[in-house]
Structures are given as structure tokens and as C-alpha cells.
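Within every chain, numbering begins at 1; the chains are lettered A, B, ... in the order of the sequence lines, protein sequences first and strands thereafter.
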Amino acid sequence: MMLLSSLLSEMPRFFGYYNLLLLGQAFLTTLALSVSGCVSGFCAGLALAVLRRAPSRALLPLRWLAMLFIEAFRRIPFLVTLMLVFFVTQAMGLDIALFTIAVVAIFLIAAAFTAEIIRAGFNAVPAAQWQAAAVMNFGYLATLRLIVLPHALRSALPPAIAYLVMLIKDTALASQIGVLELTQAARSLTSRGYSAELVYATILILYFAISYPLARMGRWLEKRHGAARHR
Amino acid sequence: MAQLDIADLTAGYGGTPILRGVSLSVARGEVVSLIGRSGSGKSTLLRSVIGLTPPTGGSVALQGTPIDYASRRSLRWLRDRVAIVFQQFNLFQNLTALDNVAVAPVQVQKRPRGEVRDEAAALLGRVGLGDRLGAYPEQLSGGQQQRVAIARALALHPAVLLLDEVTSALDPELVGEVLDVIGDLAGDGITMLVVSHEMGFVREVSTRVAFMAEGRIAELAAPATLFAAPQDPRAQDFLARVVR
Ligand SMILES: Nc1ncnc2c1ncn2[C@@H]1O[C@H](COP(=O)(O)OP(=O)(O)OP(=O)(O)O)[C@@H](O)[C@H]1O
Ligand SMILES: [Mg+2]
């Protein structure tokens, strides 16, 4: 009761102009980190999965690199990837914004994970579908575009989205290199004397506002996939 | 010159030999039926000719040209001329009946879309599916899917058609329809290799019948001869069982 009344009395000051500006900016940063990292990661993951299964012998070295990349970045904790990108760019003397470093790190890890998820989607397409396309002289890319991807993406999208929702939570680690996103904003606000309960409740709601629509979309796609199967 | 020349063909799955030396020469416009017990290698022979179960030995020549199954170019050339209807149909699940038939002529053979769709609709009409053009495979019965698969193969205008058990999922009256289609095709000069358990069908359509046993052709003869007086004891046994 005491806590509630003290929180209520703190609210007008907490939601003052400058704090709202800070929270708004942090919210947009987290959103931008999530969206840019996820979208670019998904596209690169798709490309990696396609490359990894390519039949061409000329692409063999590239296929090995793709596999190495996928296996490596799936096993490295996100924080390590982030530090890696941070220190490598520092060592190379590149003057890159912290935000960009965080985006690159998220991109790397999202690419590796979605590549693996999409690969599983390819494997879920019955061999008979690939064979029917092969005997009709469809090329690899035509087979993917016309037959395999519609099938594979339908089964890969829900797990891919579930993964990306998790990745949104990982963007909090960007605060470790000083990117002013939601978690960093929370730290800054509590250090300025606002009660942690109020600050983190606000942050929680903002995280929710980003990931809930994505999770809903995932569930919708899953339901549509199920419905299509029992059509 | 034979249209399709198979000589001493061997093939198998992961080291297990299934075909143990199949030789068969098929002339243009001929319909050769493959019969034999389940597991005797009939499907494997068709899959091997089209390169899905690549031969491990022997040779296949199409229209006098030997096929190199290790060469993608040679395989492509072969598959431009040979079409297969699978025992399990293998229709594209994400496409309607019409698109299943039209997709390869449009996307692979680069023929005009309008012309192809008209032909696809006509072919589906010919196999009794004129009213199901927009249906997806999972909305069709087994026999209907099989007929879509036949139309899909015909739309490719193959010189050689490989048919695996195309009558197994059909109602008796539809067997008659498919029989008519095959008769027409043979009249058009299309060469066919047909696997069937339907002896009435085999007797009707075939110019010759090959009896397969243990990965070889044990006996090859005109249908009248083979059904009346089989020489191979396994063929005698098989026919005694299937023909009442
Ligand atoms: N993909 C596969 N992997 C391993 N073995 C296989 C495979 N496909 C078939 N076989 C084996 O090869 C043998 C011949 O099979 P095939 O399908 O050619 O027989 P079939 O004459 O077509 O029989 P059916 O009349 O039942 O269709 C069988 O013993 C079967 O178990
Ligand atoms: Mg078979």
C-alpha cells in the first residue's frame, strides 16, 4: 500500500518531458535494433540455407564457408558475438557507431539461426516433391521458388518468428557496449533516483509492445498453416 | 533404331543390388508392360532409366544416344524427352491440378502461358477432371490424383512415357478411360513402358510384356503368348495366381 502510493506520487515527475523523450528514444532504438537485425538476418539466413543445399560443385567452397558460419555463430553466446564485433572493429580502427555494431552482431546471429531453421524447413519437404521437380528438369532455383519454398517457409515461419521474439530480448545486451536502448535507459533512470519498480515496469511494457505483435503474427501463421493442412 | 535401348542395366539402393542386369529394347510407338511380383524391381527400373536411382552398370540409350547419368547435361537432355508418372503420383502439394499440369511447360519449356493452360485444361478434361481444375492434391482422391499425374506427364509431350501402376488407384470404369488415353498415345507414336498389376489392362494395351523376377527380365513375349503359355516357371506361378 505504501509502495503503491509512493509510486503513484512519483509518477508525474517520472513521466516528465525529458524522461519520456529518453524512453521514446530508447524504445525506438530497441525497435530498430530488433527489426533491422531480424529482417537482414532472416534474408541472409534464407540465402545461407539456399546456398548450403545448392547442388553446384563450383559452389562447394562457399557451401563450406556457409556451414562453418552457421555452426560457429549458433554456438557462440550473443554477448560474445557482440564483443567480438566491437573489438574487431575497434582494432581495425573503424569509426562505427555503437548502434551499428549492435545491429551487425544481431544480424550475424540471426542469420546463423534462421539459416538452420530454414534448412529444417527444406528437409521437411518430402523427397518426392524434389524428385518430381527434378525429372521435369526444374533447376535448383526454380524448384525452390515454385515448389520447395512455399512448402518450407510455411513450416519454417512459426519457429523462425519464435526465435526472433527471443532475439528481441537479447538486444538488451547491446547496453553492455553502451547503446542507449531500453535496458540501458532503465539503468540510467534508476541511477537518477527513480524507483526501480516503476522504471522496470515501464520498460517491461515497452518490450511487450514490441514482441507481442510479432508473437501474435507467429501464432496466426501457425494457425493458417494448420488450417491449410486440413483444408 | 530402337527408341529406348536398355542393356545389362544394374542399379540398387545404397549398395544393395536390385536390378541385376536388365536388357530391353523398345521400338517407337511400342507399349511394353512390366509385370512381376511386388519387390521384383519394376519401379526401380523406371526410376533408374530416368536417373533418380542412377544405374551402377550397363547402359541406356535414347533414340540412339547413350545417356551419361553423371552428366547433368545428358540427364537434362534425357528428361526433356522422357516423362514418368510415379507410383505415388508425387503431385506438387502447393499447386492446383491445373498448375500441376501447366507449371513445367511454362517454367521449364518456356511455352506461352495461355496456350499451356488451355492445353492443361483439355488434358485434365480428357482424364475426366475437367471440373476439378482448381482443386489442390489433398482435396482429390487417389485415383483423381493419379489422373492429374498422367495429365502432367502428357503436357510435357514426351517421346517416351514411363507409367508406374497408373491403374492401381482407379475405379474399373476409369481403367477403361485411361486405357483409351494410352491407346491414343501409342497411336501418336509415343513409346511407353508401363508397370501394372492389372492383367486385363496389360493384355489390352501391350505390344509386348516383360515378366520381371529378382531384378531381371525373366521372360519377354507378346501378351497373347505370355499369358497363354509362359515358359519361365516363376512366370507360370505368378500368372496362375493373378489370372484366376
Ligand atoms: N528407396 C529405397 N531404398 C531402399 N530399398 C528400396 C527403395 N525402394 C525400393 N527398395 C527395394 O528395392 C526392391 C525393389 O523395389 P521396387 O519398388 O522396384 O519393386 P516393385 O517391383 O516396383 O514393387 P511393387 O509392385 O510393390 O511396386 C524392393 O526389395 C524394395 O524393398
Ligand atoms: Mg513399384
Of the non-hydrogen atoms in B/L78 and B/V49, which two are nearest, and what is the gap between them? CD2-O, 3.3 Å

Mark yes when over 12 heavy atoms from residues, nucleotides or ligands other than B/R81 sit less than 6.0 Å from its CZ; otherwise mark no. yes

Against the six-membered ring of A/W130, is A/R53 placed for a cation-pi contact (under 6.0 Å from the centre, within 45° of the normal)? yes

Ignoring hydrogens and geometry beyond distance, is a side-chain donor-acceptor pair present between A/R145 and B/Q107 at under 3.5 Å? yes

Heavy-atom distance under 4.5 Å to chain A: side chain of B/A83, backbone, both or neither? neither

Please state whether the side chain, the backbone, both or neither of B/V103 comes within less than 4.5 Å of a heavy atom of chain A. both

Less than 4.5 Å to any heavy atom of chain A: does that hold for the side chain of B/F92, its backbone, both, or neither? both

Most contacts with chain A, counted as non-hydrogen pairs under 4.5 angstrom, among B/L156, B/V82, B/D80: B/D80

When you compare the side chains of A/H151 and A/Q129, does any donor N or O come within less than 3.5 Å of an acceptor on the partner? no

Taking side chain as everything from C-beta outward and backbone as N, CA, C, O, which of these in A/S56 sits under 4.5 Å from a heavy atom of chain B? Side chain, backbone, both or neither. both

At a 4.5 Å cut-off on heavy atoms, which part of A/A142 comes close to chain B: side chain, backbone, both, or neither? neither

What do you reckon, is CZ of B/R113 surrounded by more than 12 foreign heavy atoms closer than 6.0 Å? no

Looking at A/A133, A/P126, A/P55, which has the largest count of heavy-atom pairs under 4.5 Å with chain B? A/A133

